[in-house]
Amino acid sequence: MKTQVCIIGGGPSGLMLSQLLHLKGIDTIVLEKHSREYVLSRIRAGVLEHGFAELMREAQCGERMDAEGEIHEGFFISHDGVLDRVDLEKYSGGSSVVVYGQTELTRDLYDARDKMNGAVIHNAEDVKPHDLTSDKPYVTYRDGDEVIRIDCDYVIGADGFHGVSRKSIPRDVLTEYEKVYPFGWLGVLSRTKPVSPELIYAKHERGFALCSLRSQVLSRYYIQVPLSDSVEDWSDDDFWAELKRRLPQEVADRMETGPSIEKSIAPLRSFVAEPMRYGNLFMAGDAAHIVPPTGARGLNSAASDIYYLYHAMVAHYKDGDDSGLENYSAKALARVWKAQRFSWWMTTLLHTFPDSIPYDQKLQQTDLEYLFSSEKALGSLAENYVGLPF
Ligand code: FAS
Ligand code: PHB
């Protein structure tokens, strides 16, 4: 088989790039190790930056997002029993975010690929990139006992944190930066009316909590839990009781509870791999960087990688201009690190750290007080949350 761009990974990064390049007449093949059902069963991000939403529309996949997604112009931070609102629209100079689940946008991307007869190969086993530093790279994968080879011009590593692409870069080329947090997030999805029309990020001495949503009949909640916890340690009743303890009484009193239809624990880490290019391999999304979900930057950091790669590939194939490809890693990393900083800051501000000393706790308190006493501080939070420019 031959294609121009072989994309490893059928998550939002890989599918979005495949769709955008197809619309410009650039041929791609997407190799996904799991089934489509498995990919769509994962519950992940919920908040889309303005830039991600624009990319979905440019990829001709934004129709359902615009119809079913919710525009949010602010969110709340609860602390010391009170709710303080962050007015995103006011402090970002008129921008907002779209609340629309990653599961749904991934479904929209798959549907768009199907409509255009896009080549997305599921259950691709043992995917391996080869000859990445040559001008004739190729990728192999197994379909049962048969090994299939795909010759291409470029390989895109959009295969997430546990993928094969980053591991294909020699250790002496790659530099990895990592910070692991001493807690995780226990997430619950429930068919209940969301407790608040806008998200509530709760700082509490018992631990962080987040009230989010997927629609007006589907709620998404999280509580910070020790790394030693497992999902089996948490009955639905225990989860709801603990979530309520971490919220202001007026919010807890109106909380509609119900059975969990999904319950999982995600560890929190900050991670960046540099460079994001090796020969004719370009990494994008979680393959190259991970953030704690506190700042809702995970999926949104992938958006700018895809935006840069899309324009670089079009410039190469249409104009013979390789400047975008040459500058990709440095340009993508500049925005990635700003998302890393913001995610670290939001996580440090709002979580209870088991080993924190009284001085740290006073700093957290002061940071919150400063935030809500300064329009410039709120402006900084808002411009990062709605998404820094690509
Ligand atoms: P993905 O990991 O989504 O996709 C990579 C794809 O590559 C997967 O489908 C995988 O099966 C496939 N793959 C892996 N190895 C392969 C191989 N060897 N061969 C072929 N295919 C391979 N972000 C937020 O903003 N908010 C959140 O609340 C949030 N919660 C999260 C919870 C969890 C448990 C995780 C893991 C992530 C969460 N994220 C969240 C971040 C998440 O949304 C990612 O940023 C987003 O999925 C990035 O998309 P991709 O880069 O496409 O990577
Ligand atoms: C979610 O709805 O899953 C969500 C929203 C905002 C975050 C993290 C997760 O910061």
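Order of listing sets the numbers, starting from 1, for every ligand and every atom in it.
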For this session: Please name the residue in the list Ile121, Val39, Val127 that meets the side chain to side chain contact (heavy atoms under 4.5 Å, CB included) test with Glu32.
Result: Val39
Exercise. With a cut-off of 4.0 Å, which atoms of ligand 2 are near a heavy atom of Gly46?
Worked result: 1 (C), 2 (O), 3 (O)
Exercise. Who's closest to atom 2 (O) of ligand 1 heavy-atom-wise, of His162, Glu32, Arg44?
Worked result: Arg44
Problem set entry | Cation over ring face, Arg166 and Phe161, 6.0 Å, 45° | yes
Exercise. For atom 8 (C) of ligand 1, which candidate among His34, Arg42, Arg36 holds the nearest heavy atom?
Worked result: Arg42
Problem set entry | Side chain Asp367, main chain Leu349, donor-acceptor under 3.5 Å | no
Exercise. Looking only at heavy atoms of Ala124, does any of them come nearer than 4.0 Å to an atom of ligand 1?
Worked result: no
Exercise. What protein heavy atom is closest to atom 25 (O) of ligand 1, reported as residue, atom name and distance in Å?
Worked result: Gly298 N, 3.3 Å
For this session: Spell out, as yes or no, whether a donor-acceptor pair under 3.5 Å connects the side chain of Asn300 to the backbone of Leu48.
Result: no
Problem set entry | Option whose closest heavy atom lies nearest to atom 42 (C) of ligand 1, chosen from Glu125, Gln102, Lys33 | Gln102
Seminar exercise, completed: One finds that the ligand 2 atoms under 4.0 Å from a non-hydrogen atom of Val47 are 5 (C), 6 (C)
Problem set entry | Identity and separation of the nearest protein heavy atom to atom 51 (O) of ligand 1 | Ser13 OG, 2.8 Å
Exercise. So is Trp185 polar-close to ligand 1, meaning N/O to N/O under 3.5 Å?
Worked result: no
For this session: Work out whether the distance between some heavy atom of Arg214 and some atom of ligand 2 is less than 4.0 Å.
Result: yes
For this session: Could you find the nearest protein heavy atom to atom 44 (C) of ligand 1 and give me its residue, atom name and distance?
Result: Asp286 OD2, 3.2 Å
Exercise. Closest non-hydrogen protein atom to atom 27 (C) of ligand 1, residue and atom name please, with distance?
Worked result: Ala45 CA, 3.5 Å
Exercise. Can you tell me if Asn280 uses its side chain to pair, donor with acceptor, with the backbone of Ser134 under 3.5 Å?
Worked result: yes
For this session: Check whether Phe372 and Leu381 end up in the same hydrophobic cluster, where Ile, Leu, Val, Met, Phe, Trp and Tyr are linked by side-chain heavy atoms less than 4.5 Å apart.
Result: yes
Problem set entry | Exam field: side chain Arg113 to backbone Val30, donor-acceptor pair closer than 3.5 Å | no
Exercise. Is it the side chain (CB and beyond), the backbone, both or neither of Ala296 that lies under 4.0 Å from ligand 2, heavy atoms counted?
Worked result: both
Seminar exercise, completed: When distances are taken from atom 3 (O) of ligand 2, the protein heavy atom at minimum range is Tyr222 OH, 2.6 Å
Exercise. Do Tyr201 and Phe75 have side-chain heavy atoms sitting under 4.5 Å apart?
Worked result: yes
Problem set entry | Ligand-side contact atoms (ligand 1) for residue partner Gly160, heavy atom cut-off under 4.0 Å | 2 (O), 5 (C), 53 (O)
Exercise. Which of the atoms of ligand 2 are close to Thr294, meaning less than 4.0 Å from one of its heavy atoms?
Worked result: 10 (O)
Exercise. Which heavy atom of the protein is the closest neighbour of atom 14 (C) of ligand 1, given with residue, atom name and distance?
Worked result: Asp159 O, 3.0 Å
Exercise. For Lys244, which of Thr257, Val251, Asp253 qualifies under side chain to side chain contact (heavy atoms under 4.5 Å, CB included)?
Worked result: Thr257
For this session: Show the numbers, then the answer: is there a ring-ring contact (aromatic ring centres under 6.0 Å, His included) between His204 and Phe208?
Result: CA-CA 6 Å; His204 192 278; Phe208 169 81; over 10 Å; no
For this session: Pull out every atom of ligand 2 sitting under 4.0 Å from any heavy atom of Pro293, numbered as shown with elements.
Result: 7 (C), 8 (C), 10 (O)
Exercise. For Ser230, does its backbone N or O pair with a side-chain atom of Asp233 as donor and acceptor, under 3.5 Å?
Worked result: yes
Problem set entry | Minimum heavy-atom distance between Phe183 and Gln224, given as atom pair plus value | CD2-NE2, 3.4 Å
Exercise. Quick one: which ligand 1 atoms are inside 4.0 Å of a heavy atom on Leu31?
Worked result: 20 (C), 21 (N)
Exercise. Where on Trp185 is there a heavy atom closer than 4.0 Å to ligand 2, on the side chain, on the backbone, on both, or on neither?
Worked result: side chain
Exercise. What residue and heavy atom of the protein are closest to atom 6 (C) of ligand 2, and at what distance?
Worked result: Tyr201 OH, 3.4 Å
Problem set entry | For Leu199, atoms of ligand 2 separated by under 4.0 Å from a heavy atom | 5 (C), 6 (C)
Exercise. Are Arg149 and Tyr138 in a cation-pi contact, defined as NZ or CZ under 6.0 Å from the six-membered ring centre and within 45° of the axis?
Worked result: yes
For this session: Determine, using heavy atoms of Tyr38 and all atoms of ligand 1, whether some pair is separated by less than 4.0 Å.
Result: no
For this session: Using a strict 4.0 Å cut-off to heavy atoms of Arg44, name the atoms of ligand 2 that fall inside it.
Result: 3 (O)
